[in-house]
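Positions are given from 1, in the same order as the sequence printed here. Note that the coordinates shown come from a computational prediction; the quantities given were computed from them, not determined experimentally.
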Amino acid sequence: MPRKNIDIQVPDLSGKRAVVTGASDGIGLGLATRLAAAGAEVIMPVRNRLKGEKALDKIKQVVPAAEISLRDLDLSSLNSVESLGQTLRVEGQPIHILINNAGVMTPPNRQETADGFELQFGANYLGHFALVAHLLPVLKAGQARVTSQVSIAPNQGAINWEDLNWEQNYQGMKAYSQSKIALGLFSLELDRRRQAGNWGISSNLSHPGVAPMNLLAARPELGRSKDTPGRRIIRSLSDWGIILGTVESAKLPALMAATAPEAKSAALYGPSGPGHLGGAPAEQRMYSRLRNTEDAKRIWKISEELVKADFPKG
């Protein structure tokens, strides 16, 4: 049976500046393309310049008039995150959309960031926490919407409070879930604090469901020489149109959360199909693990100490 095409309308974003992490491939590339097509100026912070240039060329093939450019960013280095923040603050242009999309998933063996954090906790979460802190002045200036991309992972697992860096008994999937739970808690605490402090921004969450994305593809730098068996199964089910989404549909929840006029703060957007694995994007019930405000305050405080971020109080 042919798969029904799923899409959403994106409002005119002319005059808006958008920043998308992880935009050099996969969902991030799709998000950057759609934002550019809607008229936004799109900033693509990338770790690999060559890969970024190729992605930029792909976008311009689809959107020849795209106003899009690269910046340097390695989310596994707090120095790199701070440098990007300084660059964009010096440029002085308000940011209207920030999509915290980049991530790594389940290295078979424990790896560390440049700052000594477990890689998934450091890159998926702490890097984005620090990025928002460094960009806050230009996010405020643009009354930005900050959309953080989680996954279905925060609906399972827990934060390993006694060993956030998984120095003992590392388990890749549990560490991945922790990184996404932390990102989700941060996003909701960010929204509470922006309301209390009248920061003028908003914050919400999205997840892509399950689709044949690159997170589980061969990644030699992560110690994975070939696609995981799970990715091969996901690709087959997606190709057959069974329950799961596609790379095209997987970007839509974040696109809705970041751009739709009706998208709410402190809400979660994801696929509306069975099990929220695929289908059209829609608002969803917040994961139970993300509803604990005390956990959110706790991870925020720990994160400020770890990355030495300077968020306003309140």
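- Taking each heavy atom of Pro94 and Arg17 in turn, the nearest pair found is O-CB, 3.3 Å.
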Give the intermediate values and the outcome of salt bridge (charged side-chain N to carboxylate O under 4.0 Å, His left out) for residues Arg194 and Asp191.
CA-CA 5 Å; Arg194 68 93 187 175; Asp191 193 72; 2.9 Å; yes
Apply side chain to side chain contact (heavy atoms under 4.5 Å, CB included) to Trp300 and Glu304, showing your working.
CA-CA 6 Å; Trp300 183 289; Glu304 284 188 314; 3.3 Å; yes
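- Hydrophobic clustering, with ILVMFWY side chains joined whenever heavy atoms are under 4.5 angstrom apart, groups Leu205 together with Val210.
- Using a 4.5 Å heavy-atom cutoff, the side chains of Gln284 and His207 are in contact.
- Using a 4.0 Å cut-off between charged side-chain N and carboxylate O, Lys264 and Glu283 make a salt bridge.
- With a 4.5 Å cut-off on side-chain heavy atoms, Ile201 and Arg145 do not count as touching.
- Using a 4.5 Å heavy-atom threshold, the side chains of Phe186 and Ser203 count as separate.
- No side-chain donor from either of Ser77 and Asn79 sits under 3.5 Å from a side-chain acceptor of the other.
- Between Leu268 and Asn204 there is no side-chain heavy-atom pair separated by less than 4.5 Å.
- Classification of the Phe121-Phe117 ring pair by plane angle, with boundaries at 30° and 60°, yields perpendicular.
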Please lay out, stage by stage, how Glu305 and Lys301 fare under the test salt bridge (charged side-chain N to carboxylate O under 4.0 Å, His left out).
CA-CA 6 Å; Glu305 294 168 355; Lys301 183 175 185 297; 2.8 Å; yes
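- Contact detail for Met44 and Leu56: the closest heavy-atom pair is CE-N, 4.3 Å.
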Is there a side-chain hydrogen bond (donor to acceptor under 3.5 Å, both in side chains) between His128 and Ser148 once you walk through the steps?
CA-CA 9 Å; His128 283 120; Ser148 296; over 6 Å; no
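- Ile99 and Ile8 fall within the same hydrophobic cluster, defined by Ile, Leu, Val, Met, Phe, Trp and Tyr side-chain heavy atoms under 4.5 Å apart, directly or through other members.
- A salt bridge does not link Glu91 to Arg89: none of the charged nitrogens lies less than 4.0 Å from a carboxylate oxygen.
- Annotation: side chain of Tyr269 is not in contact with side chain of Pro281 (no heavy-atom distance under 4.5 Å).
- Using a 4.5 Å heavy-atom threshold, the side chains of Val46 and Leu73 count as separate.
- At least one donor-acceptor pair closer than 3.5 Å links the side chain of Thr87 to the backbone N or O of Ser83.
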Candidate pair Ser206 and Thr147, rule side-chain hydrogen bond (donor to acceptor under 3.5 Å, both in side chains), full reasoning
CA-CA 7 Å; Ser206 63; Thr147 295; 6.0 Å; no
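- Exactly one residue among Lys51, Lys54, Lys58 makes a side-chain hydrogen bond (donor to acceptor under 3.5 Å, both in side chains) with Asp25. That residue is Lys51.
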Assess whether side chain to side chain contact (heavy atoms under 4.5 Å, CB included) is satisfied between Leu13 and Ile97, documenting all intermediate values.
CA-CA 10 Å; Leu13 299 176; Ile97 296 169; 4.2 Å; yes
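- Ion pairing between a basic and an acidic side chain is recognised when a charged N comes within 4.0 Å of a carboxylate O; Lys251 and Asp7 show no such pairing.
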Worked verdict on Val138 versus Gln93 for side chain to side chain contact (heavy atoms under 4.5 Å, CB included)
CA-CA 7 Å; Val138 284; Gln93 298 181 50; over 6 Å; no
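- A cation-pi arrangement is absent between Arg110 and Trp166, since the terminal nitrogen or guanidinium carbon is not both under 6.0 Å from the aromatic centre and inside a 45° cone about the axis.
- Judged by distance alone, the side chains of Ser69 and Arg71 do bring a donor and an acceptor atom under 3.5 Å apart.
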Would you check, one step at a time, whether the test side chain to side chain contact (heavy atoms under 4.5 Å, CB included) holds for Leu135 with Leu88?
CA-CA 7 Å; Leu135 292 181; Leu88 294 178; 3.8 Å; yes
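- The cluster map of Ile, Leu, Val, Met, Phe, Trp and Tyr, joined by side-chain heavy atoms under 4.5 Å apart, puts Val63 and Ile43 in different clusters.
- The aromatic rings of Phe311 and Trp199 lie parallel to each other, with less than 30° between the two planes, well short of the 60° mark.
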Carefully, step by step, assess Ser76 and Asp74 under the rule side-chain hydrogen bond (donor to acceptor under 3.5 Å, both in side chains).
CA-CA 5 Å; Ser76 67; Asp74 180 354; 2.6 Å; yes
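- No donor-acceptor pair closer than 3.5 Å links the side chain of Asp295 to the backbone N or O of Leu185.
- Minimum heavy-atom separation, Ser265 to Ser202: OG-CB, 2.9 Å.
- Side chains of Glu118 and Glu167 form no contact here, defined as non-hydrogen atoms less than 4.5 Å apart.
- Taking 4.0 Å as the cut-off between side-chain N and carboxylate O, Arg193 and Glu189 count as a salt-bridged pair.
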